[in-house]
Amino acid sequence: MSGVWVFKNGVVRLVENPGAEPLDGNRQGSSSARRKVLVHVPSNEVITCYEDLESKLLSLGWERYYDDPDLLQFHKRSTVHLISLPKDFNKFKSIHMYDIVVKNRNMFEVRDM
């Protein structure tokens with residue numbers, strides 16, 4: 001990930017696309033900002049729901065964990081990796097997408113929509 005680190009009011013945050021968001025945090029012009037989507041590379045399919053994502057992850061050897069009722073969690077036996085996602089797909093953000101991409105090289109990518 002690339003971007004600019006912004007320090008304001010004692011808080012540091014990463015702005016991934018500094019041209020799309022003013023540094024003062026005002027999002028009035030955010031309608032022109034592109035939204036990120038997760039794409040399954042082999043099928044070129046945009047992931048639009050957790051059911052689609054789960055089927056792709058299961059085919060890659062990930063197993064679903066049911067320990068936390070507030071999260072969707074997947075673990076791959078042969079690794080120490082754990083993917084934790086918010087239960088509500090509307091809260092699925094780019095940070096979650098990049099986590100999936102890093103743990104599944106060449107299978108997923110994040111694109112601007």
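Reckoned from all heavy atoms, side chains included, excluding hydrogens, waters and symmetry mates.
Using a cut-off of 4.0 Å between Lys/Arg side-chain N and Asp/Glu carboxylate O, Arg35 and Asp112 are scored as not salt-bridged.
The CG atom of Asn104 sits 8.5 Å away from the NE2 atom of His81 when rounded to the nearest 0.5 Å. Atom CH2 of Trp62 and atom CD of Gln73 lie 11.5 Å apart (nearest 0.5 Å). Annotation: the span from His96 atom NE2 to Lys36 atom NZ amounts to 15.5 Å, rounded to 0.5 Å.
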Given Phe74 and Ile100, is the side-chain contact (heavy atoms from CB on, under 4.5 Å) satisfied, shown in steps? CA-CA 10 Å; Phe74 298 92; Ile100 293 168; over 6 Å; no
Verdict with supporting geometry, Asp99 and Ile83, side-chain contact (heavy atoms from CB on, under 4.5 Å): CA-CA 7 Å; Asp99 186 39; Ile83 296 173; 4.2 Å; yes
So Val39 and Ile47, side-chain contact (heavy atoms from CB on, under 4.5 Å) or not? Walk me through it. CA-CA 6 Å; Val39 176; Ile47 302 299; over 6 Å; no
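Both Leu38 and Phe89 belong to a single network of hydrophobic side chains, linked directly or stepwise wherever heavy atoms of I, L, V, M, F, W or Y lie under 4.5 Å apart. Val110 and Val41 are not part of a single hydrophobic cluster, where members link through side-chain heavy atoms under 4.5 Å apart. Using a 4.5 Å cut-off between side-chain heavy atoms of Ile, Leu, Val, Met, Phe, Trp and Tyr, with links allowed through other members, Tyr66 and Leu72 fall into different hydrophobic clusters.
Summarising the hydrophobic clusters (Ile, Leu, Val, Met, Phe, Trp, Tyr; side-chain heavy atoms under 4.5 Å, direct or chained), the residues clustered with Leu82 are Tyr65.
Within the structure, salt bridge (charged side-chain N to carboxylate O under 4.0 Å, His left out) pairs that include any residue of residues 81-95 do not occur (at least two apart or interchain). Sorted by first and then second residue, the salt bridge (charged side-chain N to carboxylate O under 4.0 Å, His left out) pairs involving residues 66-85 (not counting sequence neighbours) are Glu63-Arg77.
No side-chain heavy atom of Cys49 sits less than 4.5 Å from a side-chain heavy atom of Phe92.
For the side chain to side chain donor-acceptor pair (under 3.5 Å) test, no residue two or more places apart in sequence or in another chain qualifies with Arg64. Judged as a side chain to side chain donor-acceptor pair (under 3.5 Å), and not counting sequence neighbours, the contacts of His40 are Ser43.
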Ignoring hydrogens and angles, write down the donor-acceptor pairs under 3.5 Å from the side chains of residues 53-61, residues two or more places apart or on other chains.
from: Ser55; atom 1: OG; to: Asp52; atom 2: O; distance (Å): 2.9
from: Lys56; atom 1: NZ; to: Glu45; atom 2: OE1; distance (Å): 3.0
from: Ser59; atom 1: OG; to: Lys56; atom 2: O; distance (Å): 2.7

